[in-house]
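Notes to accompany the following structure.
Numbers here are sequence positions counted from 1.
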Amino acid sequence: MEQAESPPPGGARADARRSRARLLDTARAMFASDGVDVSFNEIARRAGVGPATLYRHFPRREDLIAAVVGTSLDEVTALASALDAEPDPAAALSQWIAALVAHIRRVRGLSEEILRALEVPDSPLAPHCAAALDAAGTVLVRAQRAGRAHPEVTTDDIVKLATAIAWTSDRSDIAAAATDRLVGLVLYGIIGPGDTQPAHP
């Protein structure tokens with residue numbers, strides 16, 4: 001009797017993991033070059049899968065955005081803990097704000113998605129944004145207690161200012177070229193004349 005052909009190693013689950021990985025890699029590249037409003041069908045086509053496969057993994061656009069950019073936001077969140085080793089609280093705050101702006105700018109249109117997630121608690125991006133807010137609180141409060149940051153500044157202020165700078169940089173090459181200057185102006189308002197040169201992550 002002829003034996004049935006053995007399934008490929010890993011079977012359907014391995015295929016699903018490979019498809020998901022290709023979709024994420026493709027979406028990450030397209031989001032960076034074309035923004036988060038790119039066509040879902042085009043993402044699927046370039047990833048070499050059908051639209052149904054894309055929607056099976058990511059039923060909503062917000063799910064795909066969160067999967068692509070969540071890791072980047074988590075890196076900024078983790079940076080807050082690493083900056084505990086920075087002896088100058090104002091320098092730590094400056095580095096963290098500059099890093100947040102840089103990470104948001106990796107994906108065109110992400111600034112709007114972050115602001116939306118801050119207003120919609122059930123957004124898949126909301127947990128990453130909440131963690132970023134907590135991280136902002138860590139570096140901000142440390143600087144405020146040391147008398148190195150304006151006492152009335154809030155974590156919400158910091159995240160919204162960072163997203164505003166990133167949003168502006170998306171508008172044109174001229175605006176993008178002014179990013180460091182805008183970050184410096186924000187830092188001047190929060191910290192004062194010292195420690196206002198944004199560090200590049």
Side-chain angles (χ1 to χ4, degrees), residues 13-44 46-49 51 53-84 92-93 95-140 154-170 179 183 198-201:
R13 290 184 180 179
D15 287 342
R17 286 194 296 270
R18 286 191 290 267
S19 295
R20 189 177 191 278
R22 287 199 304 273
L23 285 166
L24 287 173
D25 288 343
T26 303
R28 186 174 294 108
M30 293 184 69
F31 285 173
S33 61
D34 303 317
V36 295
D37 292 328
V38 293
S39 164
F40 253 36
N41 288 344
E42 183 62 15
I43 292 174
R46 293 193 190 182
V49 302
T53 299
L54 172 55
Y55 282 101
R56 185 163 59 250
H57 285 286
F58 307 104
R60 299 175 297 171
R61 180 176 297 274
E62 292 85 353
D63 297 317
L64 180 57
I65 292 172
V68 169
V69 306
T71 301
S72 181
L73 286 176
D74 292 345
E75 290 174 9
V76 184
T77 299
L79 177 61
S81 296
L83 287 171
D84 282 343
L93 178 59
Q95 291 175 49
W96 193 86
I97 293 174
L100 178 60
V101 173
H103 277 69
I104 297 173
R105 290 188 64 214
R106 288 181 183 178
V107 174
R108 290 181 56 194
L110 178 57
S111 52
E112 293 99 322
E113 297 298 327
I114 289 176
L115 291 175
R116 187 176 299 117
L118 291 173
E119 301 294 332
V120 182
D122 64 346
S123 163
L125 193 57
H128 302 283
C129 293
L133 279 171
D134 289 342
T138 299
V139 290
L140 174 61
T154 68
T155 56
D156 194 53
D157 293 334
I158 288 177
V159 172
K160 287 183 176 178
L161 286 167
T163 55
I165 292 172
W167 181 88
T168 300
S169 73
D170 282 345
T179 298
V183 171
H200 293 278

List the residues meeting side-chain contact (heavy atoms from CB on, under 4.5 Å) with A27, not counting sequence neighbours, and say none if there are none. F31, I43, L64, V68
Minimum-distance pair of heavy atoms, taken over all atoms of I158 and I97: CG2-CG1, 3.8 Å
Applying side-chain contact (heavy atoms from CB on, under 4.5 Å), run through V36 and V69 and close with a yes or a no. CA-CA 10 Å; V36 295; V69 306; 5.9 Å; no
Mark yes or no for whether T163, through its side chain, and K160, through its backbone, hold a donor-acceptor pair below 3.5 Å. yes
Between the CG atom in L79 and the CD atom in Q95, the distance rounded to the nearest 0.5 Å is 7.5 Å
What I'd like to find out is whether the side chain of L100 reaches to under 4.5 Å of the side chain of H103, using heavy atoms alone. no
Test item: D134 side-chain N/O and A131 main-chain N/O as donor-acceptor pair under 3.5 Å: no
Hey, what do you get for CD (E113) to CD1 (I104), rounding to the nearest 0.5 Å? 12.0 Å
To the nearest 0.5 Å, what is the distance between CZ on R22 and CG on L54? 12.0 Å
Side chain to side chain donor-acceptor pair (under 3.5 Å) contacts touching residues 60-69 (sequence neighbours left out): R60-D63
Separation between CZ of F58 and CG of L24, rounded to the nearest 0.5 Å: 4.0 Å
Judged by atom type as modelled, is there a donor-acceptor pair below 3.5 Å linking the side chain of R108 to the main-chain atoms of S33? yes
From T138 OG1 over to L83 CG, what is the distance, rounded to the nearest 0.5 angstrom? 10.5 Å
